Amino acid sequence: MDEYIAATKRRSERDRMADVKTVSGVFTGAYGLNPVNNEPVPIWLADYVLAGYGTGAVMAVPSGDQRDYLFAKHFDLPIPAISDAQKDLDQQADPTKEGRYINSGIVNGLSYKEATATLIAYLEDKGLGKGKVNFRLRDAIFGRQRYWGEPIPIYYKDGTAYGVAEADLPLVLPEIDEYKPTETGEPPLGRAKDWKYKGQYEFELSTMPGWAGSSWYYLRYMDPHNADRFVSEEAEQYWGQVDLYMGGAEHATGHLLYSRFWYMFLKDLGLVTHSEPFQKLINQGMILGVSEKIKRGGITTSGGTAAASANNAHVFTKGEYYRHVMSNDLIIVYTSADVQVPIGEVGTIASLASTIETHVPIQFTDNNTMNVSQMIDYMKWTKEERHALFVCENGFHQFAFSSEDQGYHHLNFYTVTDHHNEHNRTVMLGERSSEEASPALFKTRPEVEKMSKSKYNVVNPDVLIDKFGADALRLYEMFLGPLEQFKPWNTNGISGVATFLKKFWRLFHPEDGALAVTDEPASPAELKALHRVIQKVAQDIEKFSFNTSVSTFMIAVNELTALGTHKRAILEPLVILLSPFAPHLAEELWEELGHASGSISQAAYPEFREEYLVEANVTYPVALNGKVRDQRQFAATATAAEIETAILESDFLSRFGEGKAVKKVVVVPGRMVNVVV
RNA sequence: GCCAGAGUGGUGGAAUGGUAUACACGAGGGACUUAAAAUCCCUUGCCUUCACGGGCUUACGGGUUCGAGUCCCGUCUCUGGUACCA
């Protein structure tokens, strides 16, 4: 044992983690007693168990853990199955948590979860142990090697760190001459002159990260001028929790986590009173980019031995009276995303070159395709200055690079007519296409990824704002879908909301651009359209369901356009409703409507009046056994019994009833009717 | 593995247990125009039928219910979080 320990000590933890093949260990000669069934368990020393795991002896489960398995095999220890779902135990360990326990005493027949609970209860019952949940904070390095950030109140005395005395807090950032590291590589705080604790001890030179301060600042907002405490008890009681915390994915795991941690710490100190800092959390989704990818490879057409000639291939193009070998050493071959490339198979395009996938900047593509001029733009951008082939389904485009004018020239499209082997090289024969031969589309492969400069899929909002306006962009972001979902950006769709805004504008300015809003009283149909919006938008805002609000506005504007509405009684409330969604447009219209002073954001919110939505008649879908067969109109005031009678007396049963006896009629007033036969 | 969330047309998506596919994009057809832009109209889940119509469809399989995208059980897949966890 001593020998083994000495040998193991010589190896670092890193060595032992990396070395998974060598199994070593030694039996101590001792046994532990299993507290549940009192069976003796042999105790071994092994070096694959790392000190960081657990605090005492570590149980081995050779059938469930591969390291334990190898260990047991090596020393010929028993490998009992513990679950009826384990498979191939003669080959390897099976860590499944499925199935029911076997060979396991009191937990036999139980699932993993049941067994856990049973064992904890048993051990607690016998006074042998206690159940405990361990919480863990995410590992994070708290110190930052930069200037801006709260200095960490730690000083060093004889190489040991001490906390600054409470009376000496707060520690204030010292002035420095430049916000850069020192020449010796210390953080910027190392530049501060005479910055020492009590004039003699070095301070910690890193500062706190951004979320140190931002993990509690919301509390300070409750009582910003209080010089005695970060927030008074009264202010804390008055404001309570933050109503809504909205942040992205990074915030959720970083900032939010620390905010909660710090809040609970403050609660333990008795300084705040709620269990959580935030009442509601919304994790807004990220808008993703759509990248465009193509396959790219290179081939050589000349150049000595087969081995030196990359990928062992040649390209020839064949004209009517001649054979043309492209003369450049290297040709770049781009392959359309829809062309299959089984690498290495002789006689296919693929055998020309092994390919990699590469991003094409999205501005060189259009609906996942590239045309000839976009191909040229792309090649100018890559600056490879080589001849190039763009292979699509029925052939390939040939481009020549001219070093004279540094330009790319589209020579021809070649229909692929043949592939064969020639001098041990794969040869692709192309026929110069006739005028009317149409090349297949050169496709790019779209893929949804994070927007990133390196993926060339970034959509710049400035460009969209220039083209469609800030309101359209804002509205479209809302319209894309639920706030919390990740979704790909698709610029095409923005035209829909832009059209909607134009239509909205035209309700106010129908003909020649002049405001033409009338003071006529509104019709019932117009009032209904308006009040449906008031009701729906109010409900949607409560649910943060902005996409459905935008739809509701679209429906209303389509209806009002059809009705030819230009009435103030409808449009003025409508523009107030729209103002949080399209603020610029709304402010503009508000002013035009005669509210020269004051913002629309101060206007009274329109009041919902149910009575405008009430209809005299309701059209009921009438279903037979749940399947809708007909529509029938009834007065809105009709009772369920009246409707049932009317349906049974009508021709509904003779038309759809298939001669069967009626078992039941379900009438949901205002909704639908279901006849059960 | 565990925890959480999701799966509906070509696409983004809608739907208090009550007419699934609203709204929008895209696509197709048409009007206006010398032309384009802009605008407007029609069609557009799938299968079947000349048509009228009929059948099918919310990842898959069951269940509850007069009625299920929605509730319950199981399966699969995807996404995120987490763990070299014995």
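Just so it is clear: chains get the letters A, B, ... in the order the sequence lines come, proteins before strands, and each one is counted from 1. Just so it is clear, the model here is predicted, and its values are computed rather than measured.
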- Query: To the nearest 0.5 Å, what is the distance between CG (A:Leu589) and CG (A:Leu578)?
  - Reply: 8.5 Å

- What is the distance, rounded to the nearest whole Å, between atom CG of A:Leu648 and atom P of B:C66? 18 Å

- If pairing means Watson-Crick or G-U wobble with both distances under 3.5 Å, then the partner of B:C85 is none

- Task: Take the protein atom CG of A:Leu45 and the nucleotide atom P of B:A86, then report the distance between them rounded to whole Å.
- Result: 22 Å

- How far, in whole Å, is B:U16 from B:G9 if one measures between their C1' atoms? 25 Å

- Item | Integer-rounded Å distance: B:A14 C1' and A:Asn547 CG | 8 Å

- Item | Length of the line joining A:Phe500:CZ and B:C40:C1', which is rounded to integer Å | 18 Å

- Query: Out of B:G18, B:U19, B:A15, which has the shortest distance to the side chain of A:Val628?
  - Reply: B:U19

Scan nucleotides 24-32 of chain B against the protein and return all N/O pairs shorter than 3.5 Å with their distances rounded to 0.1 Å.
| unit_1 | atom_1 | unit_2 | atom_2 | d |
| --- | --- | --- | --- | --- |
| B:A24 | OP1 | A:Asn558 | ND2 | 3.1 |

- Message: Given B:A14, B:U19, B:U39, identify the nucleotide with an atom nearest to the side chain of A:Pro482.
- Response: B:A14

- Query: When you compare B:G69 with B:U57, how far apart are their P atoms, in angstrom units rounded to a whole number?
  - Reply: 10 Å

- When the ring centroid of A:Phe504 is compared with that of A:Phe508, is the distance short of 6.0 Å? yes

- Task: For side chain to side chain contact (heavy atoms under 4.5 Å, CB included), just list the numbers for A:Val36 and A:Leu119, CA-CA rounded to whole Å, side-chain angles, deciding distance to a tenth of an Å, and then say yes or no.
- Result: CA-CA 8 Å; A:Val36 179; A:Leu119 284 172; 4.2 Å; yes

- To the nearest angstrom, how far is A:Lys536 atom NZ from B:C23 atom P? 13 Å

- Task: Searching all strands shown, indicate the nucleotide that pairs with B:A59 (Watson-Crick or G-U wobble; both distances under 3.5 Å).
- Result: B:U75

- Message: Regarding A:Asp651 and A:Arg632, does a basic nitrogen lie under 4.0 Å from an acidic carboxylate oxygen?
- Response: yes

- Task: Have a look at A:Gln631 and say if it touches a base, only the backbone sugar-phosphate, or nothing, with a 4.0 Å heavy-atom cut-off.
- Result: base

- Item | Given RNA chain B, 5'-ward residue of the pair A:Ser545 and A:Asn625, judged by closest heavy atom | A:Ser545

- Message: Roughly how many Å apart are B:U8 and B:C46, using the C1' atom of each and rounding to a whole number?
- Response: 14 Å

- Item | B:G30 glycosidic torsion: syn (within 90° of 0) vs anti | anti

- Message: Under the ring-ring contact (aromatic ring centres under 6.0 Å, His included) definition, can you give me all pairs with a residue in residues 62-82 of chain A, not counting sequence neighbours?
- Response: A:Trp44-A:Phe71, A:Trp44-A:Phe75, A:Tyr48-A:Phe71, A:Phe71-A:Phe75

- Answer for the Watson-Crick or wobble partner of B:G9, both distances under 3.5 Å, is none

- Query: When rounded to the nearest Å, what value does the distance between P atoms of B:G12 and B:U82 take?
  - Reply: 27 Å

- Task: Please check the phosphate of B:A6 (OP1 and OP2 only) for any side-chain N or O of A:Gln485 closer than 4.0 Å.
- Result: no

- Short side-chain N/O contact to B:C40 OP1/OP2 from A:Arg506, under 4.0 Å: yes

- For A:Thr619 and A:Gly626, take the nucleotide of RNA chain B holding the closest heavy atom to each; which residue's nucleotide lies nearer the 5' end? A:Thr619

- Measure the distance from CZ on A:Phe581 to P on B:C23 and round it to the nearest whole Å. 18 Å

- Is A:Val61 touching bases, backbone alone, or none of the nucleic acid, heavy atoms closer than 4.0 Å? sugar-phosphate

- Query: Can you say whether the rings of A:Phe546 and A:Phe544 are parallel (under 30°), tilted (30 to 60°) or perpendicular (over 60°)?
  - Reply: perpendicular

- Query: Given the P atoms of B:C66 and B:C2, what is the spacing between them in whole Å?
  - Reply: 37 Å

- Message: The test is side chain to side chain contact (heavy atoms under 4.5 Å, CB included); show your working for A:Thr561 and A:Leu507 and say whether it passes.
- Response: CA-CA 7 Å; A:Thr561 302; A:Leu507 290 175; 3.8 Å; yes

- Just wondering, do A:Val675 and A:Leu653 contact through their side chains at under 4.5 Å, heavy atoms? yes

- Task: For B:G74 and B:A86, measure between their C1' atoms and round to the nearest Å.
- Result: 31 Å

- Message: Regarding A:Val666, tell me which of base, sugar-phosphate or nothing describes its non-hydrogen contacts under 4.0 Å with the strands shown.
- Response: base

- Message: Can you classify the ring geometry of A:Phe553 versus A:Phe581 as parallel (below 30°), tilted (30 to 60°) or perpendicular (above 60°)?
- Response: perpendicular

- Watson-Crick or G-U counterpart of B:C66, or none if no pair lies under 3.5 Å: B:G18

- Does OP1 or OP2 of B:C66 have a side-chain N or O of A:Lys664 closer than 4.0 Å? yes

- Message: Counting only side-chain nitrogens and oxygens, does A:Lys627 get under 4.0 Å of the OP1 or OP2 atom of B:G67?
- Response: no

- Query: What nucleotide, of B:G18, B:C66, B:A22, holds the atom closest to the side chain of A:Met672?
  - Reply: B:G18

- G-U wobble or Watson-Crick pairing nucleotide for B:G80 (cut-off 3.5 Å, both distances): B:C3

- Item | Inter-nucleotide P distance (B:G30, B:A20), Å rounded | 34 Å

- Watson-Crick or G-U wobble partner for B:C50, using a 3.5 Å limit on both distances? none

- With both distances kept under 3.5 Å, what pairs with B:U44, Watson-Crick or G-U wobble? B:G26

- Round to a whole Å and report the spacing from CG of A:Leu480 to C1' of B:G12. 7 Å

- Message: In whole Å, I'd like the distance from the CG atom of A:Asp540 to the P atom of B:A22.
- Response: 17 Å

- Task: State, with a plain yes or no, whether a side-chain heavy atom of A:Tyr101 is found less than 4.5 Å away from one of A:Thr118.
- Result: no

- Could you give the distance separating B:C47 and B:A38 at their P atoms, to the nearest angstrom? 32 Å

